[in-house]
10 protein chains.
Amino acid sequence: MKYGEKEIQCAKLEFWPNPKKKDYTVEIIFPEFTCLCPRSGYPDFATIRISYAPNKTVVELKSLKLYLNSFRDKHISHEAAANQIYDDIVKELKPKNMELTAEFNARGGIKTNVYVKSHS
Amino acid sequence: MKYGEKEIQCAKLEFWPNPKKKDYTVEIIFPEFTCLCPRSGYPDFATIRISYAPNKTVVELKSLKLYLNSFRDKHISHEAAANQIYDDIVKELKPKNMELTAEFNARGGIKTNVYVKSHS
Amino acid sequence: MKYGEKEIQCAKLEFWPNPKKKDYTVEIIFPEFTCLCPRSGYPDFATIRISYAPNKTVVELKSLKLYLNSFRDKHISHEAAANQIYDDIVKELKPKNMELTAEFNARGGIKTNVYVKSHS
Amino acid sequence: MKYGEKEIQCAKLEFWPNPKKKDYTVEIIFPEFTCLCPRSGYPDFATIRISYAPNKTVVELKSLKLYLNSFRDKHISHEAAANQIYDDIVKELKPKNMELTAEFNARGGIKTNVYVKSHS
Amino acid sequence: MKYGEKEIQCAKLEFWPNPKKKDYTVEIIFPEFTCLCPRSGYPDFATIRISYAPNKTVVELKSLKLYLNSFRDKHISHEAAANQIYDDIVKELKPKNMELTAEFNARGGIKTNVYVKSHS
Amino acid sequence: MKYGEKEIQCAKLEFWPNPKKKDYTVEIIFPEFTCLCPRSGYPDFATIRISYAPNKTVVELKSLKLYLNSFRDKHISHEAAANQIYDDIVKELKPKNMELTAEFNARGGIKTNVYVKSHS
Amino acid sequence: MKYGEKEIQCAKLEFWPNPKKKDYTVEIIFPEFTCLCPRSGYPDFATIRISYAPNKTVVELKSLKLYLNSFRDKHISHEAAANQIYDDIVKELKPKNMELTAEFNARGGIKTNVYVKSHS
Amino acid sequence: MKYGEKEIQCAKLEFWPNPKKKDYTVEIIFPEFTCLCPRSGYPDFATIRISYAPNKTVVELKSLKLYLNSFRDKHISHEAAANQIYDDIVKELKPKNMELTAEFNARGGIKTNVYVKSHS
Amino acid sequence: MKYGEKEIQCAKLEFWPNPKKKDYTVEIIFPEFTCLCPRSGYPDFATIRISYAPNKTVVELKSLKLYLNSFRDKHISHEAAANQIYDDIVKELKPKNMELTAEFNARGGIKTNVYVKSHS
Amino acid sequence: MKYGEKEIQCAKLEFWPNPKKKDYTVEIIFPEFTCLCPRSGYPDFATIRISYAPNKTVVELKSLKLYLNSFRDKHISHEAAANQIYDDIVKELKPKNMELTAEFNARGGIKTNVYVKSHS
């Protein structure tokens, strides 16, 4: 399998039925996110943390990994990447609530983290 | 002693009378939880943290250990394991409140934690 | 000096007048608590943390140390030890409020912490 | 390029349109801040942390770095540096809210941190 | 310069005008505090942390260091030292609010921290 | 797939041709080793570290993982497990040299590490 | 079981046949050693580390734990405890070589470690 | 700039004259290496450490970064990647001696490090 | 007890007979050393580590503590303090060998360690 | 005092007589070194560690600090800075032996350390 143009349109997320009705929280930590800087073209690296309270479905982990891997060849800013991942997941998962953190490696001596969460 | 079919129905939890009427909290940390992935069949590993305010009884630790060990040969997902342990204990212990965290080792570069707590 | 039967009735706590009227907090950390497991007879080890807002008196530290050392030959459970220390001190110190944490070393792969605090 | 008198008037901050309307937070960590002590003339070093919720614009990172680098030859106190950076950014960025922390290296065995945030 | 009797009456704190009207916080960490135990005469060691919101003045750091150094030959208990430093600074600085922590090194296997803060 | 009797005879290790003639070292760290205590029947857990200089072949990682997983239902002591893994790999890999460390989790308050290496 | 006079003569060490002829090393770490100070009568605490190359026998761990626990009521100095444990084990185990470290908790602000090893 | 086929032939390393005749060592740490697994096609991540004693030239850092970045789309094993980087640099740099470490992120619960150094 | 002029001539070290003839090592760590800077008069702080192989005697710890405490009012440089402590102890203890490390807290942003050991 | 052209010729190192004839080692750690990149003009930051065995003189610390501070406005590469500092000190100090390490902050995701030591 090779990362090509299709992934630039992003691998498809898959969802499973949530086996429980009660409130609980799933936290997913992915330390191997990489995309490309829209200005310099150089690789950027980040740890993505997603924490959500499932509603009717839960995220299937392998499809999430492929979805996150499909940013590997995208030219996208820190703020845009964090917000796009957040919006793509929320749109289909429809969780009770969700938070996302993207912690990017330092560039030019400056480290940037982006925090996105649901309006309450 | 060998882990076999009986344990798959789960070792029986035992309880002791709570010697105190006042509110206090017991936290139990078990870093040696292991079960089997329902898809790949491979072993999964987790640290289970349970924190509860005892009501009329407290959990007997050795029976808790045997109960948790009895997942060793079960094929069960991260979310299902965390919720089943939570529900099994709450059903018999009837604590004033209880929280459970299951922190699973990374698989495919993704680490998953599951948090369950009582509705207040 | 030898640890014998008298200490099993617990060394006597001593108190000093509180030199200040204003609210403040004293935290005491004792990482060298040891008692005996009531089932196996084996030694147990814990760190005891006590945090209180003094009222008319403060705990004299040497008497506190001797009091805690006098559990060395007692057969007592984790929950009972934490609650007895809490109750013994509160009864005589009468603090504005107090919290106690007993963090026991792991036994059989399970670590137990007990948290006791005043009803507010 | 050489750091000279112009920078003492501070490099110009640049801003980009905020691509998202929803609330989110950007945190920027710059561990390489240095200025000069107004009394001794010796170099001071600090880590600057800025956390803000963007309104209509976001800070362009390279201009922020050049702005922070332009304190290299300034004689300025810890409190004044933290407050000037805070005020300069808020004035042009007009964020929904913002916090700044300046953690200076110890001098004479004393470490100083300055925390500035918006009035709510 | 030698530490003698005058310092036992405590070096004089100095204050500077606060250059800003807005709310902000200054945190000062001094890991080299030492005094003498009133009972044993042996040296005690502590880290002093002071965090305050300046009103009309800020503490001048060198005078604060000399003030803290002047406890070097004083026989004073943990609780008294923390409260005296707090009161001496508050009396002249008149901050909007202030917190002080004194973390003493362990003696006889017991570590003591004292926390003092303003009544709100 | 289920762990059963066949694995107790140990999954088969596979080897690949070494692509290089020059000396170099491969270190493999497996923190998820588990077997059963021959006395108590309870699970034991260890981190296995293997470091070797390849000769004509290198170990194929997936077969190594399956081989190590096949101890999951074996009753075997710490010393025997470390030595058997060492001998099984050396016998077929025939490395220029090899070291193995097995770091077992504490039992009864005692932690055991076993170190095996080639005679030089 | 209660710790009494018999243990002061030290629980008996047991040994098992060494299943392997080749050189390897067993390291045992016991962080729960406690004895009594011969001068003050107060408890002392230490971590004992033993590392040896087995000859014809290996140490049985449970008997080692009981042996080490039997110092609980002994009045013995740091140097004497480390050397007695070393000599008692070497005398019966007759290892190819052995090292012992006893790392005692600080007393009076002074931490003491004792290192004993075989003459080569 | 986009990562494409040319980089798969590897960006060209550049070298500068060594300004010093005496022996010294340069260590370069690159925590952002990524390539593709030749079996699964999934991304692999590693930290590359290179330490060498310069002879007539030193490596120019920006060309080294572009060279290492050009593995981003290569399907290559852990052992082959480490050895190719080592050989490519040694061939042109001709250092007095050189060591390379490639520390790959865990896959399937197994972490692999590869160490390559010059024959002495 | 008060620290006065007598201590400036240094408290007397005491020694005990070494109960063992075989080679072993005693390491003593004292993190609470303080003296006065000969230039500024300000306090200096250091951790002193002493490691020695006893000959006919061992150092009595309480006298060592009083000896080290007696530098509290001495004006002495880092190098002189480390060498004087080393020489004072060696002269009377006559160990088979001895090493001393003095790790001073940073002054003016510079941290200094001094290492002294026996000529072999 | 302002950093200007004179410092670019480097502040003058000063030396004191070595009070001891015996071999010992002085280690100096300066985490606040900064200079300018000869290509980009941007600031570089490093920790400088110097370890030497004094001969007839020792380095005076304040002059060393001023000497190191005088690189603040120099455009100099990592390798050249480390070697110049080493050579400048050795030339005048003439130590029995000396090592220097310069650990630079990462640039472009690459961290560089330079190690210089005496030929033996």
Side-chain angles (χ1 to χ4, degrees), chain F residues 10 29 31 33 35-52 71 74-120, chain G residues 1 3 7 11 13-35 43 45-72 85 89 93 95-103 105 117:
Chain F
C10 281
I29 304 166
F33 181 82
C35 59
L36 300 172
C37 174
R39 274 147 276 171
S40 69
Y42 290 135
D44 274 329
F45 294 86
T47 292
I48 305 291
R49 296 171 195 272
I50 297 163
S51 175
Y52 71 97
F71 284 78
K74 276 200 179 157
H75 294 76
I76 189 166
S77 75
H78 295 1
E79 291 88 348
N83 277 294
Q84 178 176 342
I85 298 168
Y86 186 88
D87 291 347
D88 283 356
I89 296 174
V90 162
K91 188 179 155 193
E92 295 193 65
L93 177 65
K94 297 180 181 59
K96 293 176 182 170
N97 60 67
M98 182 168 134
E99 292 184 26
L100 180 144
T101 304
E103 304 172 351
F104 285 88
N105 284 10
R107 285 295 167 262
I110 294 190
K111 188 169 175 5
T112 306
N113 302 329
V114 184
Y115 304 92
V116 191
K117 64 175 171 175
S118 8
H119 322 254
S120 61
Chain G
M1 201 189 87
Y3 290 92
E7 283 76 14
L13 287 164
E14 291 170 22
F15 300 92
W16 283 8
N18 175 6
K20 287 282 164 179
K21 295 221 166 160
K22 82 158 141 348
D23 288 349
Y24 67 99
T25 300
V26 178
E27 182 182 20
I28 294 159
I29 303 166
F30 184 67
E32 299 183 339
F33 181 81
T34 178
C35 59
F45 294 86
T47 292
I48 305 291
R49 297 171 194 273
I50 297 163
S51 175
Y52 72 97
N55 206 327
K56 294 200 179 145
T57 53
V58 297
V59 182
E60 197 275 330
L61 287 184
K62 182 140 188 192
S63 77
L64 177 62
K65 180 185 162 173
L66 292 176
Y67 165 78
L68 291 170
N69 279 349
S70 64
F71 285 77
R72 189 174 177 90
I85 298 168
I89 296 174
L93 178 65
K96 293 177 182 168
N97 60 68
M98 182 167 131
E99 292 184 26
L100 179 144
T101 304
E103 305 172 350
N105 284 11
K117 65 175 171 175

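Quick note on labels: first sequence line is chain A, next is B, and so on, each numbered from 1. Note that this is a predicted model, so its numbers are computed, not measured.
- Taking 4.5 Å as the limit, every side-chain heavy atom of G:W16 sits out of range of all side-chain heavy atoms of F:E79.
- Salt bridge status for G:D23 with F:K117: absent, with no side-chain N to carboxylate O gap under 4.0 Å.
- Put simply, the residue from F:N113, F:V114, F:T112 that forms a side-chain contact (heavy atoms from CB on, under 4.5 Å) with G:E27 is F:N113.
- When every heavy atom of F:G109 is checked against every heavy atom of G:P31, the shortest pair comes out as O-CD, 3.2 Å.
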Exercise for review: Apply side-chain contact (heavy atoms from CB on, under 4.5 Å) to G:K20 and F:V116, showing your working.
Suggested key: CA-CA 11 Å; G:K20 287 282 164 179; F:V116 191; over 6 Å; no

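- Contacts of G:K65 with chain F are made by both backbone and side-chain atoms, with heavy-atom separations under 4.5 Å.
- Within a 6.0 Å sphere centred on NZ of G:K56, heavy atoms belonging to other residues, nucleotides or ligands number 12 at most.
- Contact count versus chain G (heavy atoms, under 4.5 Å) is highest, among F:S77, F:A80, F:G108, for F:G108.
- Scanning both residues, G:Y24 and F:Y115, for their nearest heavy atoms gives CB-O, 3.2 Å.
- Annotation: salt bridge (Lys or Arg N to Asp or Glu O under 4.0 Å) contacts of F:R49 (sequence neighbours excluded): F:E103.
- Taking CZ of F:F104 as the start and CD1 of G:I28 as the end, the distance is 13.0 Å to the nearest 0.5 Å.
- For the pair G:E60/F:R39, a side-chain contact is recorded, criterion being any heavy-atom separation below 4.5 Å from C-beta on.
- Here the straight-line distance linking atom CD1 of F:I110 with atom NZ of G:K62 works out to 10.5 Å at 0.5 Å rounding.
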